[in-house]
Number of protein chains: 2
Amino acid sequence: MSRADRLVAWVAADIVALTLRDGVLSVALVKRKPRAARGRWALPGGFLLPGESAEQAAYRELAEEGGLGERDVRLEQLGTYSDPRRDVEHEKRVISIAYLALAANLPEPVAGTDAADASWVPVDQAVGKALAFDHTRILEDGIERARSKLEYSTLATSFLDETFTISELRSVYEAVWGVRLDAANFHRKVTSTDGFVEATGEERRGRGRPAKLFRAGSATSLNPPITR
Amino acid sequence: MSRADRLVAWVAADIVALTLRDGVLSVALVKRKPRAARGRWALPGGFLLPGESAEQAAYRELAEEGGLGERDVRLEQLGTYSDPRRDVEHEKRVISIAYLALAANLPEPVAGTDAADASWVPVDQAVGKALAFDHTRILEDGIERARSKLEYSTLATSFLDETFTISELRSVYEAVWGVRLDAANFHRKVTSTDGFVEATGEERRGRGRPAKLFRAGSATSLNPPITR
DNA sequence: TGTAATTATTGTCAATTCGACTTAAAGTCG
DNA sequence: CGACTTTAAGTCGAATTGACAATAATTACA
């Protein structure tokens with residue numbers, strides 16, 4: 001292959017940022033200001049700068065558009081989208097490296113230089129929205145990834161604050177999967193799985209019996225898995 | 001961000017092609033002929049052409065370097081490597097979209113235009129080999145992906161021909177995981193998992209009692225999983 | 001103040017699954 | 001034929017699951 005035949009591309013990092021808002025799985029969307037796909041809803045993201053890795057770019061975008069630091073969010077690479085027809089509005093080929101970002105209690109995203117507006121949208125609404133480029137596809141892939149990783153990884157704790165109750169953890173599963181789980185069996189399973197959660201010794205009081213507080217344990221994978 | 005600040009990059013598709021050779025998990029490696037990292041062992045791969053997606057490029061490379069068609073191999077995106085220091089030998093930034101390719105009975109790879117030599121190498125040897133660029137890291141990620149997907153997916157059948165015996169399927173697990181599994185329990189579990197394998201009605205005779213032949217079923221995910 | 005309502009946690013128990021092991025079946029090899 | 005190999009099915013105690021009941025520890029409010 002001669003050097004002249006090689007594709008030369010711009011590289012973007014786009015983010016499927018998920019959080020729970022009032023028990024509803026929601027995604028951050030921005031209304032685009034740049035010429036390409038101007039005015040359409042899209043995933044937050046942007047082009048890599050020279051000298052920057054995709055992960056660094058994703059963290060930079062999270063900081064710019066969401067005010068989020070590395071400690072607030074769990075970032076995981078989702079996949080790369082490179083179809084030549086995925087974006088025909090830019091003057092160069094654009095390939096996009098997509099990230100899944102999970103966090104608790106995210107603040108309202110802020111409209112940055114590239115966004116006229118930004119907000120959290122329940123994922124069911126978001127997938128019906130005709131997003132820019134192939135972002136609907138990326139979003140669907142992100143949701144699916146989150147759903148399936150909940151089963152055999154400790155990802156669910158990323159949706160919660162540093163300390164949480166078992167019920168809160170259960171409601172993460174219920175919101176992401178859209179099912180109801182038996183509280184008693186869930187409690188037994190989670191607390192008997194080594195390294196999933198560890199008790200802090202404190203409790204939180206609300207309505208009803210006070211709940212013991214836990215923090216995420218050291219395990220990253222679950223087996224046996226939590227079943228849907 | 002002004003347009004001038006955007007990274008402009010070459011995009012490569014690199015392939016972790018795994019197969020079983022005499023019961024040993026092996027990976028395809030090529031000895032590089034291009035100027036960059038010339039003479040070093042590396043994963044097969046190459047740059048995207050204009051108008052080509054990464055997946056198309058991966059299939060093209062598999063055809064060129066391994067003589068493999070789309071039907072012979074299962075291809076799955078592994079991840080994208082974009083660290084600015086991952087490749088300082090080319091005159092432009094290079095980001096690499098890595099694919100995992102699994103296949104049965106692969107022929108000896110052929111040295112193409114970009115490779116002086118090519119061969120199957122047991123993965124244990126390959127990870128100790130000081131491959132070009134960050135290919136050791138990519139290879140490790142690929143092996144780890146294959147190992148963990150064996151648990152929850154029907155991926156193992158991709159290492160086998162269209163029809164196979166339960167023992168052959170078991171030996172895939174044993175080779176990839178490096179463990180021994182109880183033949184009787186494995187047999188019971190596989191045949192009782194809906195959609196994993198379906199009997200063809202035929203059998204294959206070797207030494208000992210003839211084994212019934214199966215083909216891959218329609219399921220793609222396994223639950224309960226096969227445990228290591 | 002007392003009782004209902006609420007939420008968290010523990011218990012119970014039958015059904016299922018798992019893992020280690022044994023047995024039987026069905027062939028080949030010499 | 002008899003020894004050996006490999007596949008497949010059976011056995012059984014232990015562990016896990018899922019449905020559900022019971023208990024505990026609070027708040028809400030009449």
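Every chain is numbered from 1 and lettered A, B, ... according to where its sequence line falls, protein lines coming before strand lines.
- Remark: P of D:dT6 and CG of B:L213 are 17 Å apart, rounded to the nearest angstrom.
- B:H187 has a side-chain polar atom (N or O) that falls below the 4.0 Å cut-off from OP1 or OP2 of D:dA8.
- Under the rule for a ring pair (Phe, Tyr, Trp, His ring centres under 6.0 Å), the partners of A:Y173 that lie at least two apart in sequence or sit in another chain are A:W177, A:F186.
- Atoms CZ (B:F164) and P (D:dT7) sit 14 Å apart, rounded to a whole Å.
- One atom, CG of B:N223, and another, P of C:dT17, lie 11 Å apart when rounded to the nearest Å.
- Rounded to a whole Å, the CD atom of A:E168 is 12 Å from the C1' atom of C:dT7.
- For A:F196, the ring pair (Phe, Tyr, Trp, His ring centres under 6.0 Å) criterion is met by no residue, not counting sequence neighbours.
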Counting only pairs under 3.5 Å, give me each side-chain donor-acceptor contact of residues 215-223 of chain B, with atom names and distances, residues two or more places apart or in other chains.
| unit_1 | atom_1 | unit_2 | atom_2 | d |
| --- | --- | --- | --- | --- |
| B:R215 | NH1 | B:E198 | OE2 | 3.4 |

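- Atom CZ in A:R204 sits about 10 Å away from atom P in C:dA8, given to the nearest Å.
- Across all strands shown, A:T191 has no heavy atoms under 4.0 Å from either base or sugar-phosphate atoms.
- Here B:T165 lies out of heavy-atom contact (under 4.0 Å) with every strand.
- Atom P of nucleotide C:dA8 and atom CZ of A:F214 are separated by 12 Å, given to the nearest angstrom.
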Quick tally for nucleotides 18-26 of chain D: nucleotides whose base has a protein heavy atom under 4.0 Å get B, sugar-phosphate-only ones S, the rest -, giving BBBB--BBB
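- Residues satisfying the salt bridge (charged side-chain N to carboxylate O under 4.0 Å, His left out) criterion with A:R74, sequence neighbours excluded, are absent altogether.
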Under 3.5 Å, which donor-acceptor pairs link side chains of residues 203-211 of chain A to any protein atom two or more places apart or in another chain?
| unit_1 | atom_1 | unit_2 | atom_2 | d |
| --- | --- | --- | --- | --- |
| A:R204 | NH1 | A:E168 | OE1 | 3.2 |
| A:R204 | NH1 | A:E168 | OE2 | 2.5 |

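- Contact between the side-chain N/O atoms of A:S167 and the OP1/OP2 oxygens of C:dT7 is not found at any separation under 4.0 Å.
- At a threshold of 4.5 Å between non-hydrogen side-chain atoms, the residues B:W120 and B:T19 count as touching.
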